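Input: a single structure, listed below in structure tokens.
Note that the structure is predicted; figures quoted are calculated from it, not measured. Sequence lines set the chain letters: A, B, ... in the order given, protein chains first and strands last, and positions in each chain run from 1.
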Number of protein chains: 2
Amino acid sequence: MKWDDLAQEPCSVARTVAVIGDRWTLMVLRDCFLGVRRFEDFQARLGISRTITAERLKRLVDEGVLRKVRYQDNPLRFEYRLTDKGHDLYPVIMAVVSFGDRHYAGPEGQPGAGPPLLHRHKTCGCDFHPVMTCSECHAPLVARDVETRAGPGARAAA
Amino acid sequence: MKWDDLAQEPCSVARTVAVIGDRWTLMVLRDCFLGVRRFEDFQARLGISRTITAERLKRLVDEGVLRKVRYQDNPLRFEYRLTDKGHDLYPVIMAVVSFGDRHYAGPEGQPGAGPPLLHRHKTCGCDFHPVMTCSECHAPLVARDVETRAGPGARAAA
DNA sequence: ATAGTCAGTTTATTTTCTGGACTGACGATG
DNA sequence: CATCGTCAGTCCAGAAAATAAACTGACTAT
């Protein structure tokens, strides 16, 4: 299987991974949710090759995750903003953050103990961590409690 | 910045992406949560180079996300199982699935409409989709309601 | 006139991925 | 007992992708 075939798979993971599933794209998205919008800022924060920054931003725009918004006319300049579809990736990023906080921020040595960033929920005013719950009974989800079966969009195997 | 430097960043996204942030690793994890355990099964389902399958599995084992369990002595054979740490990645995979279901499974054409897989929560008996909520007030999370600030594990910028 | 900002593109080199063959231990078939 | 099939890899050469660093080009500020 090659990269581009992923999007054709009858699998929601594959289709999503085809868009956001490489290292730098996820880092770009992290920065988007932190408010980064301009090419040079992505570039400076990521410290990767400009080629890749440009290519990844373009792909996210093509996929409708980001959109270019003109912020200056002369010379013509755009910034990159999350679309509604892009905002739907928030749970993905937060799930990743949550995993990282749990497993790579442990209070071991003195320096760097604890999570690098804290998240405050403005609605309730508390620092929180994200919890994935069932849309129906609202209980936290555990893999073992979930049964998977073919849905309407299934082909043969997936 | 290079690949291996990611793990050193004071950022939970970067540290996690350093482990799971490439296309095939995420696909491997999807299969793990679907119950796939053996090398040949990963290999056949992914249809990628055996080299990569082997390398990715090894990395996940090194990172403590999977562990090898002997299931046969002669010849010695192992299967790959999720560790507790690995199970903590469930929200990540489900968030990805959820995004894919919403944006790449739309009921457009007749064939392939709707999500490829359905998920049933055994606890409540319902088909569900995952909802990311605040650990404190239990309301669904929206990016705009979240404020981020430096935590104890921050260095300079992150 | 010179330097700096900003958003890229181009190029040459290095790294990674790919497909395919190969190893090696065993079990089943004829 | 010779050959095929299963399983879990490893090895290799060629193709594809990522990298660093220089370059373009339009403008602004000094």
Side-chain angles (χ1 to χ4, degrees), chain A residues 1-9 14 17-29 31-32 35-63 66-81, chain B residues 1-9 14 17-29 31-32 35-63 66-81:
Chain A
M1 168 133 38
K2 285 172 221 155
W3 264 93
D4 309 316
D5 304 335
L6 264 184
Q8 261 56 58
E9 289 281 294
V17 164
V19 178
I20 63 156
D22 73 292
R23 288 149 163 111
W24 304 123
T25 300
L26 279 166
M27 298 303 288
V28 167
L29 287 168
D31 282 350
C32 288
V36 176
R37 292 186 175 153
R38 301 196 181 168
F39 185 91
E40 291 295 323
D41 294 333
F42 286 111
Q43 178 53 36
R45 287 174 55 85
L46 297 177
I48 59 179
S49 144
R50 304 177 73 79
T51 325
I52 309 259
T53 307
E55 198 272 325
R56 292 300 192 275
L57 286 170
K58 195 193 312 250
R59 187 143 49 90
L60 288 172
V61 170
D62 290 346
E63 289 291 340
L66 299 180
R67 67 179 197 280
K68 291 173 85 162
V69 178
R70 191 174 65 250
Y71 72 87
Q72 172 184 299
D73 281 323
N74 231 341
L76 199 54
R77 291 261 185 273
F78 298 90
E79 56 183 19
Y80 296 88
R81 299 227 199 177
Chain B
M1 168 132 40
K2 286 173 218 153
W3 263 91
D4 308 316
D5 304 335
L6 263 184
Q8 261 55 58
E9 289 280 296
V17 164
V19 178
I20 63 155
D22 73 292
R23 288 150 161 111
W24 303 122
T25 300
L26 279 165
M27 299 304 287
V28 167
L29 286 168
D31 282 351
C32 287
V36 176
R37 292 184 175 155
R38 301 197 182 167
F39 186 91
E40 290 296 322
D41 294 333
F42 286 110
Q43 177 54 35
R45 287 175 54 86
L46 298 177
I48 59 179
S49 145
R50 303 178 73 77
T51 324
I52 309 260
T53 308
E55 199 273 325
R56 292 299 191 277
L57 286 170
K58 194 191 315 246
R59 187 144 49 91
L60 288 172
V61 170
D62 290 346
E63 290 289 340
L66 298 180
R67 69 179 196 279
K68 292 174 83 159
V69 178
R70 191 174 65 250
Y71 71 89
Q72 173 184 299
D73 282 323
N74 232 339
L76 199 52
R77 292 258 186 275
F78 298 90
E79 56 185 18
Y80 296 89
R81 299 228 200 174

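B:Arg59 has its side chain within reach of B:Asp22: a pair of non-hydrogen atoms, C-beta onward, lies under 4.5 Å apart.
Here B:Leu26 contributes atom CG and B:Asp31 contributes atom CG; the two are 11.5 Å apart, rounded to the nearest 0.5 Å. Atoms CG and CZ, from B:Leu60 and B:Arg67 in turn, are 14.0 Å apart once rounded to the nearest 0.5 Å.
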Could you please spell out the steps behind the side chain to side chain contact (heavy atoms under 4.5 Å, CB included) verdict for A:Arg77 and A:Lys68?
CA-CA 9 Å; A:Arg77 291 261 185 273; A:Lys68 291 173 85 162; over 6 Å; no
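Rounded to an integer number of Å, the gap from A:Arg37 CZ to C:dC6 P is 16 Å. Atom C1' of nucleotide C:dT18 and atom CG of B:Asp22 are separated by 15 Å, given to the nearest angstrom. Spacing between atom CD of B:Glu55 and atom P of C:dG19 amounts to 16 Å, rounded to whole angstrom units. One can place CD1 of A:Ile48 at 16 Å from C1' of C:dT15, the figure rounded to the nearest angstrom. Here C:dG20 presents its P atom at 12 Å from CD of B:Gln43, a figure rounded to the nearest Å. If you take NZ of A:Lys58 and P of C:dG8, they are 8 Å apart, rounded to a whole angstrom. Taking atom CD1 of B:Ile52 as the reference point, atom P of C:dT15 lies 17 Å away to the nearest angstrom. One interatomic measurement links the two molecules: CZ of A:Phe39 to C1' of C:dG8, which rounds to 6 Å at whole-angstrom precision.
A cation-pi arrangement, defined by a distance under 6.0 Å to the six-membered ring centre and an angle within 45 degrees of its axis, is absent between B:Arg37 and B:Tyr71.
Nearest nucleotide to the side chain of A:Arg77, out of C:dG8, C:dC6, C:dA25: C:dC6.
When the nearest nucleotides of DNA chain D are assigned to A:Pro75 and A:Trp24 by heavy-atom distance, the more 5′-ward of the two goes with A:Trp24. Residue order along DNA chain D, read from the 5' end via each residue's closest nucleotide, puts A:Gly47 first among A:Asp73 and A:Gly47.
Listed for the B:Glu55 side chain is no donor-acceptor partner under 3.5 Å among the backbone atoms of B:Lys58. Formation of a donor-acceptor pair under 3.5 Å by the A:Gln43 side chain with backbone atoms of A:Ile48 is found in this model.
Look at A:Tyr80 and you won't find any side-chain N or O under 4.0 angstrom from OP1 or OP2 of C:dC6.
In 5' to 3' order, the nucleotides of DNA chain D bounding all contacts with chain A (an atom under 4.0 Å from a heavy atom) are D:dA18 to D:dC27.
Residue contacts shown for B:Thr53 are absent, as no nucleic acid heavy atom lies under 4.0 Å away.
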